[in-house]
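First the structure, in the form of structure tokens, and then the observations on it.
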Amino acid sequence: MIGIVNYGAGNIFSLTAALDRIQVGYGMINSKEDFDLYDRVIIPGVGHAGAAMTKLRETGLVDTILLLEKPVLGICVGMQLLTAFSEEGNADLLSVFPLNTLHFANRVELKVPHMGWNSIIPKINCALFTGIPDNTYFYFVHSYFIEHSSEFTAATCTYGIAYSAAIQKDNFYGVQFHPEKSGVYGERLLLNFSKI
């Protein structure tokens with residue numbers, strides 16, 4: 001069973017619809033006690049990282065998240081929250097990963113936000129990508145990106161520059177794209193996560 005952290009900053013309907021399609025059970029995490037009900041956790045997120053971090057702090061769930069030993073997946077802004085700092089709102093984040101979330105503006109000469117389908121290349125043997133070929137296309141919508149890291153980048157994407165499309169550290173995973181909106185391979189990734 002997957003617990004979805006419900007902190008008011010996630011596109012939860014699309015995610016739950018995808019989990020329904022692949023027949024993976026889920027529920028909402030609204031309190032510290034709820035974490036005990038699930039063996040995996042997803043932190044969703046859309047919108048502004050700084051505002052999302054404020055909402056997450058207001059739930060009182062931050063300390064519990066940082067101590068989790070079960071698999072945790074951050075999606076889009078949920079992934080960015082796992083980093084140390086975001087230029088979006090100049091916000092200090094969870095610092096699970098010692099990485100920064102940066103704005104595409106002034107770094108690429110392409111339209112911002114990066115919106116639409118783009119291919120990724122897995123960089124390490126990450127369980128999220130079991131059965132997913134190199135150069136598979138996933139759906140992205142974001143203006144901020146996580147810097148590439150030789151240690152923590154699980155997959156890269158290129159949009160003017162190469163950046164982390166996915167990250168992994170111990171039991172924490174993150175994907176910048178939206179697997180719940182990425183068709184059959186997005187559903188495969190969510191199914192893979194449900195079995196980690």
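Just the heavy atoms: all of them, side chains too, but no hydrogens, waters or symmetry mates, feed the values below.
Taking the six-membered ring for Trp and the full ring otherwise, the centers of W117 and Y139 sit less than 6.0 Å from each other. Within the 6.0 Å centre-distance limit, the rings of F104 and H142 are counted as a close aromatic pair. Aromatic pair Y159/H114: centroids less than 6.0 angstrom apart.
In terms of modelled atom types and a separation under 3.5 Å, the side chain of S164 and the main chain of I167 share no donor-acceptor contact.
Heavy atoms from other residues, nucleotides or ligands lying under 6.0 Å from CG of D36 number more than 12. Shown here is D134, whose CG atom has more than 12 heavy atoms of other residues, nucleotides or ligands within 6.0 Å.
At a cut-off of 3.5 Å, with distance as the only test, a side-chain donor of S31 or E33 sits close to an acceptor on the other residue.
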Review point. Should D20 and Y26 be marked as a side-chain hydrogen bond (donor to acceptor under 3.5 Å, both in side chains) after you check the CA-CA gap, both sets of side-chain angles, and the distance that decides it?
Key: CA-CA 9 Å; D20 284 336; Y26 61 85; 3.2 Å; yes

Exercise for review: Report the C-alpha separation of H48 and Y144 in whole Å, then their side-chain angles, then the decisive distance to 0.1 Å, and conclude whether the side-chain hydrogen bond (donor to acceptor under 3.5 Å, both in side chains) test is met.
Suggested key: CA-CA 10 Å; H48 189 282; Y144 292 79; over 6 Å; no

Practice item. Check the pair K181, E187 against salt bridge (Lys or Arg N to Asp or Glu O under 4.0 Å), reporting the backbone distance first and the verdict last. Key: CA-CA 8 Å; K181 297 181 179 180; E187 291 176 2; over 6 Å; no

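Considering F97, F172, Y173 in turn, F97 is the only one that fulfils the ring pair (Phe, Tyr, Trp, His ring centres under 6.0 Å) rule with F152.
Counting heavy atoms from C-beta outward, M28 and V5 have side chains that stay 4.5 Å or more apart.
A distance of 6.0 Å separates CZ in F177 from CZ in F140, rounded to the nearest 0.5 Å.
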